[in-house]
Q: 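Dropping the structure in here first, questions after.
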Amino acid sequence: MARINDHYRKLTAGYLFPEIARRVDHWQQAHPDRAGRIIRCGIGDVTEPLPAAVRAAMHRAIDEMGDRATFRGYGPPTGYDFLRRAIAEGDFAPRGVNVDPDEIFISDGSKTDCGAILDILACGPADGGRANRIGITDPVYPVYVDTNVMAGNTGPAGPDGRYAGLVYLDATVENGFTPPPPDGPLDVVYLCYPNNPTGGMIDRAGLEAWVAWARRHDALILYDVAYRDFIRDPARPHSIYEIDGARTCAIEFHSFSKNGGFTGVRCGYTVCPRDVAGRSADGSHVPLHPLWTRRWSTKSNNVAYVVQRGAEALYSPEGRAQTAALIDHYMGNARRLIDGLRDAGFTVHGGEHAPYVWVECPPGTGSWATFDRLLDEVQVVVTPGAGFGRCGEGFFRVSAFNSRANVDAVVNRLSAMSTVRA
Ligand SMILES: *Cc1c(COP(=O)(O)O)cnc(C)c1O
């Protein structure tokens, strides 16, 4: 009989989004008359359709695929050059960052990459301890944690949901949801700015401190910038490579899901600079770029030509204008949520450089109790902060990915609630 990967059995039951769905279903069955009133601000999925420039490019690419002269079979395992060049010139050169097209690895999204990167790092316990000492911020995008659990990099979860063997860095109101580097060493740290779920954003000095720390301790930073285009302040770092020295200590994950509306299309990319290295069992330093290249060429032939042409179109003048309009729409929603919920008496964080507003629960009410109350009283579905980690308890996340009409309705409904104030 086949042995299973027993690490999967450590994953805590009731993963956040299925649990939300379960509670919403349950409420709808109990209240069929009001089921249609529900407004969802829970899952961070986009709502607005794909930009016209993307659709036009994909139509053209489909037609190329229908013609023997322009048909394409297997593509390059790490992505087509036309897209890698468009990214280097569109996302990095304008900010004075030199990333070579062959340091850019196209993929079907950064959720995939955040998990796949563990393929090239030592996993599981080694030398009586853990192969890698891994740090994550709390609250956190659950993918970083669960992929490490699956890979055997943790022990079991404790009663507070924290896994043995991971190092948790508390993101709190006091540190502006940007925890500083720890005093001691770690081997791998996941950072995400603009942050999901808190909507917090690091500044240049904060990111410089992380890079200096990583270089001091030979640590690897896995830097997730899925929300990069939502940064409203040009002075904030849009890439970790804007910080001197980051090319030796960081891998960066990008996604077209949120800026380009690609959540259903599936495309993103990872930057793995040639200068970043890890340590081999024999103590030697080994560059990660060849390992990551090998991982792709062995396990994948990347995403469809049609999709990569669609992603390329995001960098055309029309594509840029259309994505800018999409982001303005979502960030306009975030502004209304911040102002409206503050007026309603809530204490609100985030939402300035990210499409998420992080709201304090009414005093004495936990995340899930607030979730249930919002569902029951005003039929607004939010995401309970506790689902993102222990430090998320006492908060809920409201997503700005919505229509303007829904956002206005959410503000009106939450304003009408009686006892949100202290
Ligand atoms: C949405 C999101 C992503 C993007 O994932 P895709 O697989 O590219 O859709 C990555 N990281 C974070 C933190 C996210 O919220």
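Start at 1 and go down the list; that is how both ligands and their atoms are numbered. Computed over heavy atoms, backbone and side chain alike; hydrogens, waters and symmetry mates excluded.
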Q: Using the side-chain contact (heavy atoms from CB on, under 4.5 Å) criterion, which residues pair with V411? Sequence neighbours excluded.
A: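 V411 satisfies side-chain contact (heavy atoms from CB on, under 4.5 Å) with L337, S415 once adjacent residues are dropped.
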Q: Can you pull out every side chain to side chain donor-acceptor pair (under 3.5 Å) where at least one residue sits in residues 253-269? Sequence neighbours excluded, please.
A: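 Those involving residues 253-269 are D45-T263, D91-Y269, Y227-K258, D229-N259, E252-H254, H254-Y269, S255-S257.
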Q: Salt bridge check: are R162 and D170 linked by an N-O gap of less than 4.0 Å?
A: yes
Q: Near ligand 1, which residues have a heavy atom under 4.0 Å away from one of its atoms?
A: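 Correct list: G109, S110, K111, Y141, Y144, C192, N196, D224, A226, Y227, S255, S257, K258, R266.
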Q: Only counting residues at least two apart or in another chain, list the ones meeting side-chain contact (heavy atoms from CB on, under 4.5 Å) with N98.
A: none
Q: Does the ring center of Y80 lie less than 6.0 Å from the ring center of Y305?
A: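 Y80 vs Y305: aromatic centres under 6.0 Å.
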Q: Under a plain distance cut-off of 3.5 Å, with no hydrogens placed, do D224 and Y144 share a side-chain donor-acceptor pair?
A: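 D224 and Y144 do have a side-chain donor-acceptor pair below 3.5 Å.
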